[in-house]
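Below is one structure, written out as structure tokens; comments come after it.
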Amino acid sequence: MVAKPLAETPMPVARPSRAEAEAAVRTLLRWAGDDPAREGLLDTPARVVRSYEEFFAGYAVDPVAVLERTFAETEGYDEIVLLKDIRLESYCEHHMVPIIGRAHVAYLPSNRVVGISKLARVVQAYAKRLQIQEKLTAQIANTIEAVLQPRGVGVVIESEHQCMTTRGVHQHGASMVTSRMLGVFRDDANTRRELMALIGKS
């Protein structure tokens, strides 16, 4: 059994009831200047709470458990495994607005591999939480390294932050790129270049 990486999962907090959550939405509607009792907004608090269950479903997922089933029958495969263009939807922890983009996740197996859908599930587990992109990138890479113990892990995320496009500086089309390279992807420039070429980055 592999130990869970430190500081990956937030400490449990006392969760309000659904009724309390809906009341909080009504408060925000009043603060915005509207009337939560008008016809068009009557069901909005319940809808918002249901949407939050989907937006933040990652808090209920253990990313370590997602990766624990691995396969050893690889015929000696020892080259890069890369899952490109994983759709990423997260939420900025500073403004609670969307972060939309793509994640590229790679590892260099030592002797075992994992089903490719599990890589996407790990991305989702961390993305469906309040996040900053730098932390999200590190969490994905650190967890894959801790559980699979490969020779290297590389994670690259490209995304657009609604906190920058719909408010503040209003910079449409600007994207943020973060990466975390571990093991041979950090230590071996040739292996890192190979990975970035596979992703399509110079």
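- Linking Ile, Leu, Val, Met, Phe, Trp and Tyr whenever their side-chain heavy atoms come within less than 4.5 Å leaves Y91 and I132 in two separate clusters.
- Minimum interatomic distance between A103 and V123 (heavy atoms only, all atoms of both residues): CB-CG1, 4.1 Å.
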Using the side chain to side chain donor-acceptor pair (under 3.5 Å) rule, take E134 and T178 through it: C-alpha gap first, then chi angles, then the decisive distance, then the call.
CA-CA 6 Å; E134 298 90 337; T178 51; over 6 Å; no

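- Note that the NZ atom of K84 and the CG atom of L198 stand 7.5 Å from one another [nearest 0.5 Å].
- From E160, atom CD reaches atom CD1 of I99 across 11.0 Å, with rounding to the nearest 0.5 Å.
- Residues I116 and L83 share a closest heavy-atom pair of O-CD2, 3.4 Å.
- Ring geometry, F56 versus Y59: the interplanar angle falls from 30° to 60°, so the pair is classed tilted.
- A distance of 11.0 Å separates OG in S179 from NE2 in H104, rounded to the nearest 0.5 Å.
- Separating the CD atom in Q124 from the OG atom in S90 is a distance of 11.5 Å, to the nearest 0.5 Å.
- Of the residues listed (N142, I144, L136), the one engaging R180 in a side chain to side chain contact (heavy atoms under 4.5 Å, CB included) is N142, and it is the only one.
- We find that E89 and K128 are joined by a salt bridge, their nearest charged nitrogen and carboxylate oxygen being less than 4.0 Å apart.
- Residues S110 and Q149 bring no donor and acceptor atom of their side chains to less than 3.5 Å of each other.
- Between T44 and R47 there is a side-chain heavy-atom pair separated by less than 4.5 Å.
- Between the CG atom in L182 and the CG atom in L108 there is a gap of 12.5 Å [rounded to 0.5 Å].
- Within the model, atoms CG of L82 and OH of Y107 stand 11.0 Å from one another, a figure rounded to the nearest 0.5 Å.
- One finds no salt bridge joining R192 and D188 here, because no Lys/Arg side-chain nitrogen approaches an Asp/Glu carboxylate oxygen to under 4.0 Å.
- The local environment of CZ in R69 is sparse, with at most 12 non-hydrogen atoms from other residues, nucleotides or ligands closer than 6.0 Å.
- Between E145 and the choices V155, I140, V153, the side chain to side chain contact (heavy atoms under 4.5 Å, CB included) rule is met once, by V153.
- A salt bridge links R18 to E53: at least one charged side-chain nitrogen sits closer than 4.0 Å to a carboxylate oxygen.
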